[in-house]
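One structure is given below, encoded as structure tokens.
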Amino acid sequence: MFAVHLMAFYFSKLKEDQIKKVDRFLYHMRLSDETLVDIMTRFQAEMEKGLGKDTNPTASVKMLPTFVRAIPDGSENGEFLSLDLGGSKFRVLKVQVSQEGKQNVQMESQFYPTPNEIIRGNGTELFDYVADCLADFMKTKDLTQKKLPLGFTFSFPCRQTKLEEDLDVDILALVNDTVGTMMTCAYDDPSCEVGVIIGTGTNACYMEDMSNIDLVEGDEGRMCINTEWGAFGDDGVLEDIRTEFDRELDLGSLNPGKQLFEKMISGLYMGELVRLILLKMAKVGLLFGGAKSSALHTKGKIETQHVAAMEKYKEGLANTREILVNLGLDPSESDCLAVQHVCTIVSFRSANLCAAALAAILTRLRENKKLARLRTTVGMDGTVYKIHPQYPKRLHKVVRRLVPNCDVRFLLSESGSTKGAAMVTAVACRVQAQRKQIDKVLALFQLTREQLMGVRDKMRTELEYGLKKQTHALAMVKMLPTFVYGMPDGTEKGKFLALDLGGTNFRVLLVKIRSGRRSVRMYNKIFAIPLEIMQGTGEELFDHIVQCIADFLDYMGLKGAQLPLGFTFSFPCRQTCIDKGTLVGWTKGFKATDCEGEDVVDMLREAIKRRNEFDLDIVAIVNDTVGTMMTCGYEDPNCEIGLIAGTGSNVCYMEEMRNIELVEGDEGRMCINTEWGGFGDNGCLDDICTQYDKEVDEGSLNSGKQRYEKMTSGMYLGEIVRQILIDLTRQGLLFRGHISERLRTRGIFETKFLSQIESDRLALLQVRRILQQLGLDSTCEDSIVVKEVCGAVSRRAAQLCGAGMAAIVEKRRQDQGLEHFKVTVGVDGTLYKLHPHFSRILQETVRELAPRCAVTFMLSEDGSGKGAALITAVAKRLQQQRKEN
Ligand code: ADP
Ligand code: MG
């Protein structure tokens with residue numbers, strides 16, 4: 001017993017001595033955590049350099065874009081071919097990816113030799129050989145009849161310009177092995193966004209935000225970056241870390257000065273480093289009693305698999321002895337212990353360096369996502385990582401120590417990079433197919449120039465119909481006379497009350513107009529109209545309106561005052577004079593009973609009487625388009641058109657009296673309220689109407705009516721978007737095919753979200769956040785698609801509106817017999833004011849479709865309210881003049 005204890009003591013003492021000796025000798029190879037953090041920081045800077053446009057040419061870490069933008073989402077399907085040309089082997093695979101309930105991958109493969117003369121030969125020979133092997137494989141697997149998409153793993157740095165390199169066959173993807181590894185792992189674990197290889201060479205890839213990749217156009221989404229981190233240090237930034245052995249190994253290599261980081265890490269070099277160290281230790285008498293062998297002098301005699309064998313837990317020491325004996329050496333017990341420890345230091349340093357660089361990538365990912373804590377998965381492959389007994393454990397431990405704020409899962413890539421190439425191909429196939437489906441939907445909203453000209457011409461026809469006595473009754477565009485004959489001339493003055501009933505709110509205003517200076521002062525109060533009142537009875541609606549007026553008068557201290565009043569009423573009214581207006585039909589969100597066919601001025605008067613508190617002199621009922629035109633006309637005499645792009649869509653303009661058959665007299669002009677929202681109600685827009693427009697129409701309060709308005713105005717654009725999103729989700733192209741309750745909710749997608757999502761200043765992540773606030777759980781790719789959908793819908797709206805406007809200005813030009821026509825359009829409405837692109841696209845369309853008209857758009861400041869007061873003032877002035885005559 002005692003002897004055994006003594007032996008054990010003796011052995012551990014011996015081991016301790018040997019470890020101390022080697023530790024001292026290789027002091028420089030043992031990296032402290034402090035040093036590793038320092039290396040990590042340096043690698044972060046290198047990544048930054050590689051990504052920058054100006055710094056990339058001189059950067060040693062090349063950060064190559066791979067054009068792989070998406071990771072598998074599990075819906076991939078089909079058969080794919082895959083080639084893997086690595087450092088030491090060439091393999092052809094057939095991969096079958098299927099969904100059927102759970103994700104499933106089946107593979108058949110064959111290895112082919114890679115003769116040295118072909119690898120070292122020229123490119124043509126290499127690719128001829130590859131093609132021969134592929135042909136052979138397809139023959140033996142009976143695949144010659146099929147045309148399968150093919151992915152190609154190529155483990156050498158490759159500058160790619162696009163994913164599908166044009167090499168005659170159906171090569172869909174050229175894939176770096178790190179990317180293949182990441183994709184393979186991502187198929188099993190969607191949170192995998194990094195791939196690392198520690199094999200013959202070493203390299204890593206990860207998903208970078210497009211906005212950080214200067215070398216590739218576009219800012220949306222992410223793309224996989226192949227770091228080519230093996231070249232880290234080639235510009236000298238790791239000189240303080242490199243040892244005399246690293247320098248010696250480099251000088252003896254095929255590519256001196258290159259891949260310096262890789263030479264400290266990967267399988268091709270690890271054994272050689274150990275050999276150089278052992279040789280040196282023997283030379284200085286620290287090993288083998290100073291004896292050397294010719295094998296120990298020979299390059300490549302110690303391989304990485306030897307290093308792994310020597311570090312095995314149990315057989316390690318025996319393996320060491322055997323390996324050293326095979327090298328022609330005669331090692332003592334202590335020699336074996338020392339050599340084993342040399343291996344440990346070399347392989348540990350390798351793991352440490354990898355961990356530092358990987359920690360830099362993980363930190364970058366965390367910072368890109370602006371997260372305090374990152375939860376992610378790293379796909380791993382490579383022989384060193386796979387066969388070395390302690391390597392993975394050490395690497396994981398150091399990474400977790402270096403980035404304590406990341407929860408990292410390491411996933412071994414199953415049959416690694418080759419399957420990955422098939423995965424990349426499968427994803428490319430899926431993305432391509434999905435893209436086609438999405439484009440098909442978006443194409444429905446893309447109108448050609450011819451289609452827009454068609455809309456313009458049909459609108460023109462409708463304008464004429466509405467003006468003619470014979471056709472007026474059946475016209476879809478009602479062309480209602482407003483009995484507004486003139487624009488303000490600047491002599492108007494006094495205090496006026498104005499009411500503005502729009503699509504959503506009701507405002508009461510006090511407007512003071514001072515003559516001469518064309519200045520207007522306004523005081524106003526906004527009142528909400530509750531839904532139950534919008535859709536209750538007419539009496540309730542007008543009682544509510546009078547209640548609001550009473551509140552306002554109270555608030556302004558004007559209770560007894562009998563002021564002239566103008567009523568802006570943004571719904572179609574048939575007028576016989578300026579203070580009478582019969583409601584043709586409700587639009588937008590209104591549906592109060594007993595109003596259609598009634599004079600709304602009378603209804604207001606009666607409500608005032610019912611209340612019996614005050615009296616008001618109702619002088620004019622005004623459409624909001626007219627008010628808007630008036631307001632702008634007050635400042636710009638060229639203004640003779642008014643446009644509203646808000647909850648609804650409508651236009652008015654000054655028409656020649658001789659063209660207005662419904663009103664007596666041929667002299668002068670009168671403003672016509674077109675009510676163009678009803679354009680298309682006879683089916684004349686059906687050719688551009690989509691299934692989504694139909695669904696929106698069917699779900700509305702006035703199905704079959706206001707078809708043009710439903711394609712162009714704020715109340716409906718969000719709904720159209722929602723209908724498209726539902727359909728895309730149903731097709732499995734969005735939100736992982738899951739239609740949430742939220743998405744089913746009518747009205748959740750308000751038009752203001754289109755404005756936010758389409759803003760150029762908004763990063764994709766913010767789009768995602770908006771969607772998340774809406775309860776739509778979206779990925780980055782989803783967000784891109786949603787943004788495209790919003791863009792297509794709002795663009796079409798602006799173009800259609802522009803086509804209508806082109807019809808109006810062209811009509812005015814021709815009616816006046818002008819070669820060129822210069823006109824100003826007064827505009828109001830939140831869609832026009834707040835949407836980031838609507839106004840620009842509208843103007844571009846008008847320019848294109850009415851090239852002989854110079855149209856200026858003028859935003860009306862508080863158009864409809866102020867306009868009502870101005871119209872009242874003008875009417876008051878004319879009344880006065882009539883009395884005096
Ligand atoms: P109204 O037309 O009812 O008199 P507005 O001109 O203010 O009033 O238009 C209100 C409509 O504008 C809302 O119903 C909504 O559809 C739309 N809207 C609101 N916010 C935005 C926004 N940020 N961008 C685009 N449209 C908006
Ligand atoms: Mg309005």
Side-chain angles (χ1 to χ4, degrees), residues 498-509 524-531 533-534 541 545 548 567-572 586-591 622-629 631-632 642-652 673 675-677 696 700-701 706 709-722 746-762 766-767 770 773-774 787 790-791 793-798 801 826-842 857 859-868:
L499 312 178
D500 178 9
L501 184 65
T504 29
N505 290 319
F506 175 59
R507 285 194 311 158
V508 186
L509 303 94
N524 79 87
K525 216 168 165 190
I526 298 180
F527 302 90
I529 307 258
L531 198 70
I533 292 210
M534 276 189 200
L541 173 63
I545 287 175
C548 297
F567 184 9
T568 302
F569 188 70
S570 315
F571 303 90
W586 286 119
T587 57
K588 297 174 273 192
F590 278 72
K591 209 174 182 165
V622 181
N623 187 266
D624 55 347
T625 54
V626 186
T628 300
M629 178 186 79
T631 308
C632 292
L643 167 69
I644 298 278
T647 306
S649 171
N650 194 14
V651 160
C652 73
N673 165 18
E675 287 298 332
W676 79 2
V696 169
S700 70
L701 286 172
Q706 301 291 98
E709 177 166 80
K710 284 172 186 164
M711 294 179 172
T712 50
S713 79
M715 183 157 174
Y716 306 100
L717 298 190
E719 256 318 90
I720 303 176
V721 168
R722 190 179 69 88
R746 184 174 306 154
I748 54 130
F749 214 101
E750 292 173 48
T751 299
K752 71 172 181 209
F753 296 124
L754 268 75
S755 292
Q756 289 176 16
I757 288 170
E758 288 182 64
S759 160
D760 293 328
R761 288 182 309 248
L762 213 63
Q766 291 168 289
V767 174
I770 294 172
Q773 276 163 12
L774 282 174
K787 190 170 176 175
C790 290
V793 170
S794 65
R795 179 177 192 82
R796 186 190 66 161
C801 194
V827 202
D828 200 358
T830 307
L831 177 60
Y832 185 92
K833 282 182 181 167
L834 294 189
H835 189 280
H837 310 300
F838 186 90
S839 59
R840 176 180 46 78
I841 297 170
L842 165 68
F857 287 82
L859 207 57
S860 123
E861 281 296 332
D862 227 326
S864 31
K866 190 158 130 189

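We count ligands from 1, going down the list as the structure has it; atoms in each ligand are counted the same way.
- Listed here is the closest heavy atom pair of Ile748 and Arg722: CG1-CD, 3.9 Å.
- Near Gly829, meaning under 4.0 Å from any of its heavy atoms, are these atoms of ligand 1: 6 (O).
- If you number the atoms of ligand 1 from 1 as listed, the ones under 4.0 Å from a heavy atom of Gly646 come out as 2 (O), 6 (O), 9 (O), 11 (C).
- For Thr631 (side chain) and Gly627 (main-chain N/O), a donor-acceptor pair under 3.5 Å exists by modelled atom type.
- Selection from Ile644, Leu754, Thr830, Leu501 by nearest heavy atom to atom 7 (O) of ligand 1 gives Thr830.
- Expressed to the nearest 0.5 Å, how far CG of Leu541 lies from CD1 of Ile545 amounts to 4.5 Å.
- Ile770 meets the side-chain contact (heavy atoms from CB on, under 4.5 Å) test with Phe753, Gln756, Ile757, Leu762; sequence neighbours excluded.
- Near Gly714, with a cut-off below 4.0 Å to any heavy atom, the atoms of ligand 1 are 16 (O).
- Residues passing the side-chain contact (heavy atoms from CB on, under 4.5 Å) test with Thr587, sequence neighbours excluded: Phe571, Pro572, Gln706, Glu709.
- Distances from atom 10 (C) of ligand 1 to the heavy atoms of Leu834, Thr647, Asp624 put Thr647 nearest.
- Contacts between Met715 and ligand 1, counted as non-hydrogen atom pairs separated by less than 4.0 Å, involve the backbone only.
- Contact atoms of ligand 1 toward Gly502: 3 (O), 4 (O) (distance under 4.0 Å to a heavy atom of the residue).
- One N or O on the side chain of Lys588 and one on the backbone of Ser570 form a donor-acceptor pair closer than 3.5 Å.
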